[in-house]
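Computed from heavy atoms alone, side chains included, the values below leave out hydrogens, waters and symmetry copies. Numbering of residues begins at 1 and proceeds along the displayed sequence. Counting starts at 1 for both ligands and their atoms, in listed order. Quick caveat: nothing in here was measured; it's all calculated off a predicted structure.
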Amino acid sequence: MKNNHTPTIHHSLTLGWLYPELMSTYGDRGNVIVLQKRAQWRGINIKIERINQNTNYKLLTTCDLLFMGGAQDIQQEIVNEDLLTNKGNKISEMIEDDTPALFICGAYQLMGNYYLDSNGVKINGLGLFDMYTQAPQTGERLIGNIVIQPKSIPHSLLPIPYLTGFENHGGRTYLSNKSQAFAQVISGYGNNGNDKTEGAVYKNAIGTYLHGPILPANPELADNLLEKTFARKYGIKLPSNKTDDTFSKKAKGNILKKLKASY
Ligand code: GLN
């Protein structure tokens, strides 16, 4: 007899994990684990392709979803060199073609028009998000726990009232009038500590400063990414999730209470 709890694996997704060795600070790899587990718990097979400087850019064409974590300026420079000369065009093409993607902190900065680092070096980005980032000469960083209220999660099926995370960045990001912020800051700094915007959204790509890592702290965002990826690939709704999120909800509730945002 078939065990109802054993999912039949007949759908599969490929996650392109960009520069895992260089771009993965503050536990960003936890995002990959959460996407993998939450897909598997739905009976979806998930393949993780680690993509670094030595990988042929053509491997990107097999990916249904992209993820890149954060890092410091030195790693960003190395990675950006490869992006501009090797993989950037393909990544831009995929984002234009509605591939879902999540870019954290240093990765988010590289997807803007440019990043002016703390030494005054200008690192040209891919320009997916219409924004620029500038690091202060003084080295003052924006560090701490953060709560944001999403404004524009692309094709969100479920309302996501608040997201929590941890930010640590020197760069201040400024969005152009045309670009869409990902969220509004409820508590913390966000893009620049002044205008209350956090992150950016373009098509199905999200850029955000939230480490934490963001997806274990906010599994509903992981589900949203999986929903979009699955619907884009198979044209059907993502199978429902039988997981018990009691503990992650409790943890998030406590953080929100601490940071004085109602949940
Ligand atoms: N170099 C960037 C900054 O400090 C990114 C930091 C990060 O990814 N945590 O602004």
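Ligand 1 lies within reach of His211, whose nearest heavy atom is under 4.0 Å from it. The closest approach between Tyr26 and ligand 1 falls below 4.0 Å for a heavy atom of the residue. Remark: distances from the non-hydrogen atoms of Glu167 to ligand 1 are all 4.0 Å or more.
Each of the following atoms of ligand 1 lies closer than 4.0 Å to a heavy atom of Tyr115: 1 (N), 2 (C), 3 (C), 10 (O). Numbered from 1 in the order shown, with element, the atoms of ligand 1 that lie under 4.0 Å from a heavy atom of Gln76 read 1 (N), 2 (C), 5 (C). Interface of Gly106 with ligand 1, defined as ligand atoms under 4.0 Å from a residue heavy atom, comprises 5 (C), 7 (C), 8 (O). The Gly70 neighbourhood of ligand 1 comprises atoms 8 (O), with distances under 4.0 Å to a heavy atom of that residue. Taking every non-hydrogen atom of Asp73 and a distance limit under 4.0 Å, the qualifying atoms of ligand 1 come out as 1 (N), 2 (C).
Of all the heavy atoms in Pro150 and Ala183, the pair that sits closest is CA-CB, 3.6 Å.
Atom 7 (C) of ligand 1 has as its closest protein heavy atom Cys105 SG, 2.9 Å. Closest protein heavy atom to atom 2 (C) of ligand 1: Gln109 OE1, 3.2 Å. If you check which protein heavy atom lies closest to atom 3 (C) of ligand 1, you get Gly170 N, 3.4 Å.
For Tyr209, no heavy-atom contact with ligand 1 is shorter than 4.0 Å. At a 4.0 Å heavy-atom cut-off, ligand 1 touches Asn168 through the backbone alone.
Remark: Thr61 engages Lys90 in a side-chain contact (heavy atoms from CB on, under 4.5 Å) (not counting sequence neighbours). Asp97 is linked by a salt bridge (charged side-chain N to carboxylate O under 4.0 Å, His left out) to Arg232, counting only residues two or more places apart in sequence or in another chain.
To the nearest 0.5 angstrom, Met23 atom CE is 5.0 Å from Leu110 atom CG.
Ring orientation note: the planes of Tyr132 and Tyr114 are close to parallel, at an angle under 30° on the 30°/60° scale.
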* Please walk me through it: do Lys258 and Asn254 pass side-chain hydrogen bond (donor to acceptor under 3.5 Å, both in side chains)? -> CA-CA 6 Å; Lys258 240 190 189 166; Asn254 282 336; over 6 Å; no
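Surrounding OH of Tyr234 are more than 12 heavy atoms belonging to other residues, nucleotides or ligands, all under 6.0 Å away. Under a cut-off of 6.0 angstrom, the local environment of CD in Glu21 is crowded, with over 12 non-hydrogen atoms contributed by other residues, nucleotides or ligands.
Just one residue in the list Thr197, Thr208, Thr173 forms a side chain to side chain donor-acceptor pair (under 3.5 Å) with Asn191, and that residue is Thr197.
Of the options Ala71, Pro136, Ala107, Gly171, the smallest heavy-atom separation from atom 5 (C) of ligand 1 is shown by Ala71.
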